[in-house]
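Below is one structure, written out as structure tokens, with a few remarks after it.
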Amino acid sequence: MSFKRFSRRQFGRIAGWSTLAMSMLPAGSGLAQSGADNRARNQPASSAFPSGFLWGTATSAYQVEGAVNEDGRSPSIWDRFAHTPGTIADRSNGDTATNHYHLYKEDIRLMKELGTKAYRFSIAWPRVFPDGTGSPNPKGLDFYKRLIDELSANGIEPFATLYHWDLPQALQDRFGGWTSRDTPKAFADYAAYVAQHLGDRVKYFFTINECSRLVHLGHGLGADAPGLKLPQSGLNQVRHHVALGHGLAVQAIRAHGRIGTKVGPAENAVSCIPAIETPANIRAAEMATRELNAGYLTVMMEGKYTDAYLAKAGNDAPKFTPEDLRIISSPIDFLGVNVYTPDHYVIAADNERGFTLAPFPDSFPHMKASWLRPGPEAIYWVPRHIAKLWNVKSIYITENGTSASDQPAADGTVYDVDRIMYLRNYLTQLQRATAEGVPVLGYFLWTLMDNFEWSDGYEQRFGIYHVDFETKRRTPKLSAAFYRETIARNAVA
Ligand code: PNW
């Protein structure tokens, strides 16, 4: 692909802001975020996000790092899966990905250019414990120390996810990965070690990214690593072990982290939207949220599987002890939710469940990825339901974003106005939530730069920086300018 790299200044011109003016804003002064500044820009204060709202970007280890054989890293289930013929759309893998392992300093410059104050990344378990358990590999952890120190030097708060799907292959081979109770135990040991050795540098930890996807796509549909298609009973047991892993990791971080270390999950909550905003539909959407997240958020927050969940599972219900449920529901400091799309439009109904789910019509639009239906109100309702159902006081949007075609135009620019449209609408709904007092403290845009999009390989681009996967060159898309402007105003641009 011929793709002209343009300079920062050209980027500023294209994006309609002056890089000079931007660079004159004192970093971290909060000036650009004050109400006075919004008024100066003719923004009514009511359209602003709360002051101190944390703007960030997110990535995950296997999707960006590359360097899969370096410094003692062992293969993960994703290395094995991606190297298995027929698994990845473009027959690619994460062997080199975006080479973030070596280019992390450049990537932190990109974050700084956006004005972000937080970065959510994941730690690759097989770098830290190549065998999954046993002897740690200090060189593996050293990479994260370098990364975190560079973030801190640039005023960017690190938010570390402990597990974004890259289980050490050794654990899959030894005892069947998450099908065994040994994996949650190993996960807790790994979490304890990371909290001990990075706890001086990292204040915020996420346990597991999207339990729901790793369970369903990885162990039910076989579309993600480890590519299993378990029967319902096996799948329910995996779901329980993953939830148990979350709870054990929370306890391990509490026991081994510093005072003030904060921990929570990053879950892709099943999003339930009132089809029409009536009190009855809103109540029905809350009930649907509780039921349809029964195996994940609900058990984490309530310490029990709902009656309907267990009744539906019948003989296939997971085997668990009361102690398991206590562990799973260990108190957390915040709840992270990934919000991409409305999963269900909900209507109140006079039936046992109290709701019906509207089927999606064929005509419902989607973004570049066919699963990604734009429904901006999802990012309003998910945190609102969560805050209401479980009295959650601190919520982070741990991922939100979209893929787009992202073809560079003749002038070399990626005019991703569809991504901007998506982000603008979602952020408008998120601002509606914060304005109403829903306690959302920050937002991590998925994703900083195009990367390995799992079974879609490099065919789905989610970045606000374009990556040329041959040269690994990063170039801002128009959406990077949109995000930069939004952060500077602390209001949707
Ligand atoms: C997330 N859905 O996956 C993952 O956490 C990221 O690693 C991934 O790159 C990103 O979103 C984009 O796909 C999801 O169907 C996959 O709602 C599917 C859904 C949500 C998130």
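Computed from a predicted model, the values in this text were never measured in an experiment. Whatever order the structure lists ligands and atoms in, that order sets their numbers, starting from 1. FYI, the numbering just counts along the sequence from 1.
The residue from Asn268, Thr402, Thr447 that puts a heavy atom closest to atom 20 (C) of ligand 1 is Asn268. For atom 8 (C) of ligand 1, the candidate residues are His216, Glu453, Glu267; the nearest heavy-atom contact is made by Glu453. Remark: among candidates Arg213, Gln460, Arg373, the nearest residue to atom 16 (C) of ligand 1 is Arg213, based on non-hydrogen atoms. Closest heavy-atom approach to atom 10 (C) of ligand 1 among the candidates Trp371, Tyr340, Trp165, Tyr62: Tyr340.
Judged by distance alone, the side chains of Tyr119 and Thr59 do bring a donor and an acceptor atom under 3.5 Å apart. For the residue pair Arg239/His216, the side-chain donor-acceptor check at 3.5 Å is satisfied.
Considering both main-chain and side-chain atoms, Glu399 comes within under 3.5 Å of ligand 1 through a nitrogen or oxygen pair.
Between Trp55 and Phe53, the angle of the ring planes goes over 60°, which puts this pair in the perpendicular group of the 30/60° scheme.
Less than 4.0 angstrom separates some heavy atom of Phe462 from each of these atoms of ligand 1: 12 (C), 13 (O). Those atoms of ligand 1 with a heavy atom of Asn209 less than 4.0 angstrom away are 5 (O). Those atoms of ligand 1 with a heavy atom of Thr341 less than 4.0 angstrom away are 17 (O).
With respect to atom 21 (C) of ligand 1, the closest heavy atom belonging to the protein is Glu210 OE2, 3.1 Å.
Each of Thr179, Leu235, Val238 was compared with Leu228 under the side chain to side chain contact (heavy atoms under 4.5 Å, CB included) criterion, and only Thr179 meets it.
Ion pairing between a basic and an acidic side chain is recognised when a charged N comes within 4.0 Å of a carboxylate O; Asp406 and Arg419 show such pairing. A salt bridge is defined here as a Lys NZ or Arg NE, NH1 or NH2 lying under 4.0 Å from an Asp or Glu carboxylate O, and Lys203 with Asp333 fails to meet this definition.
The local environment of CZ in Arg80 is sparse, with at most 12 non-hydrogen atoms from other residues, nucleotides or ligands closer than 6.0 Å.
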